[in-house]
Amino acid sequence: MEFFEVTRALFRGAIRATCRPVVEGLENFPKEGPVIVAPNHQSFLDSIIVQALMPRRVAFFAKAEYFTGKGVKGMFSRWFFSSVGSIPVERGEQAASVAALQTALEILERNEAFGIYPEGTRSRDGRLYRGRTGVGWLALTTGAPVLPVGLIGTDKLQPADRLMITPRQFTMKVGAPLYFDKVGADHSLPARRAATDKIMDAIAELTGQERASTYNQTKSSE
């Protein structure tokens with residue numbers, strides 16, 4: 001068994017033992033082929049939860065700083081994020097965003113699963129924010145199915161700006177895959193916007209969150 005699968009099994013066991021999560025719809029996860037996993041985002045732990053509980057490996061991006069720290073803390077951070085399948089990415093620059101999407105494209109071309117938060121960053125007020133169109137770009141460029149995921153209650157595990165984790169029950173709902181025509185990278189912005197909005201509507205149906213008409217803004221601490 002690969003090291004990643006061992007780590008994933010350990011986290012899955014720990015999450016199930018301490019939080020007793022309610023998980024619905026795992027049968028909707030395609031058994032093979034490329035998959036774009038699109039959850040809402042409420043907690044720092046969301047990626048770990050999705051990576052541990054899904055039936056297949058899901059690659060998520062993580063801030064590059066998590067992989068470059070020094071000392072014991074930096075070594076632990078690097079080991080932790082590497083072991084759960086995270087991929088380092090620079091934030092805040094257009095060139096870095098383009099490079100990140102290219103990396104995601106390569107993952108999907110290998111028939112693997114890639115996780116992306118359409119909201120971009122964590123919601124700190126519980127609302128579901130307008131989706132950024134990177135997820136729509138990936139869907140239309142690759143034709144890979146998009147799996148909407150609703151995470152409910154994960155914000156209570158580790159409230160924003162707190163280091164302490166409090167184990168408690170949460171819910172993860174996996175919706176039916178959404179399929180879009182593969183039109184390649186040369187598609188219109190309205191088409192990308194429409195695909196993204198359809199994905200956000202599916203996530204909203206799973207979570208029941210209040211919708212926000214604006215984009216969520218990244219705080220310096222994210």
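Residue numbers run from 1 in the order of the sequence given.
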Item to complete: Report whether Ile48 and Val22 are members of the same hydrophobic cluster (ILVMFWY, side-chain heavy atoms less than 4.5 Å apart, transitive linking).
Response: no
Worksheet entry | Sequence neighbours excluded - ring pair (Phe, Tyr, Trp, His ring centres under 6.0 Å) pairs with any residue from residues 188-216 | none
Fill in: Among Thr142, Leu147, Ile199, side-chain contact (heavy atoms from CB on, under 4.5 Å) partner for Ile36
Thr142
Discussion item. Applying a strict under-4.5 Å side-chain criterion to I, L, V, M, F, W and Y, I'd like to know whether Tyr179 and Val35 cluster together.
Written reply: no
Discussion item. When you measure from the side chain of Arg168 to the backbone of Gly153, do you find a donor-acceptor pair of N or O atoms at a distance under 3.5 Å?
Written reply: no
Item to complete: Please check if the side chain of Thr133 supplies one atom and the backbone of Gly136 the other of a donor-acceptor pair under 3.5 Å.
Response: no
Worksheet item: What closest approach, in Å, do Val58 and Gly115 show between heavy atoms, and which atom pair accounts for it?
Response: CG1-N, 3.5 Å
Fill in: ring pair (Phe, Tyr, Trp, His ring centres under 6.0 Å) against Phe114, all qualifying residues, sequence neighbours excluded
Phe61
Worksheet item: Short question: side chain of Asp125, backbone of Arg127 - any donor-acceptor pair under 3.5 Å?
Response: yes
Item to complete: Might you point out which heavy atoms bring Val146 and Ala139 nearest each other, and give the distance in Å?
Response: CG2-CB, 3.7 Å
Worksheet entry | Test item: Gln51 and Phe11 side chains (from C-beta on) under 4.5 Å apart, heavy atoms | no
Worksheet item: Which distance, rounded to the nearest 0.5 Å, do you find between the CZ of Phe180 and the OG1 of Thr141?
Response: 12.0 Å
Item to complete: Mind listing the closest non-hydrogen atom pair of Glu119 and Tyr129 along with its distance?
Response: OE2-N, 2.9 Å
Response to the item:
Shortest non-hydrogen pair, Ala59 vs Ile107, comes out as CB-CD1, 4.0 Å
Worksheet entry | Minimum heavy-atom distance Pro39-Tyr117, with the two atoms named | O-CD2, 3.5 Å
Item to complete: Calculate, to the nearest 0.5 Å, the distance between atoms CE and CZ belonging to Met200 and Arg132 respectively.
Response: 11.0 Å
Worksheet item: Between the side chains of Thr154 and Asp46, does any donor sit under 3.5 Å from an acceptor?
Response: yes
Practice prompt. Identify the residue among Val149, Ile203, Ile152 that makes a side-chain contact (heavy atoms from CB on, under 4.5 Å) with Lys173.
Written response: Ile152
Discussion item. If the condition is side chain to side chain contact (heavy atoms under 4.5 Å, CB included), which residues does Gln209 pass it with, not counting sequence neighbours?
Written reply: Asn40, Gln42, Leu128, Thr207
Discussion item. Give me the atom names and distance for the closest heavy-atom approach of Pro118 to Ala38.
Written reply: CG-CB, 4.0 Å
Discussion item. Checking the side chain of Arg130 only, and the main-chain atoms of Ser213 only, is there a donor and an acceptor separated by less than 3.5 Å?
Written reply: no
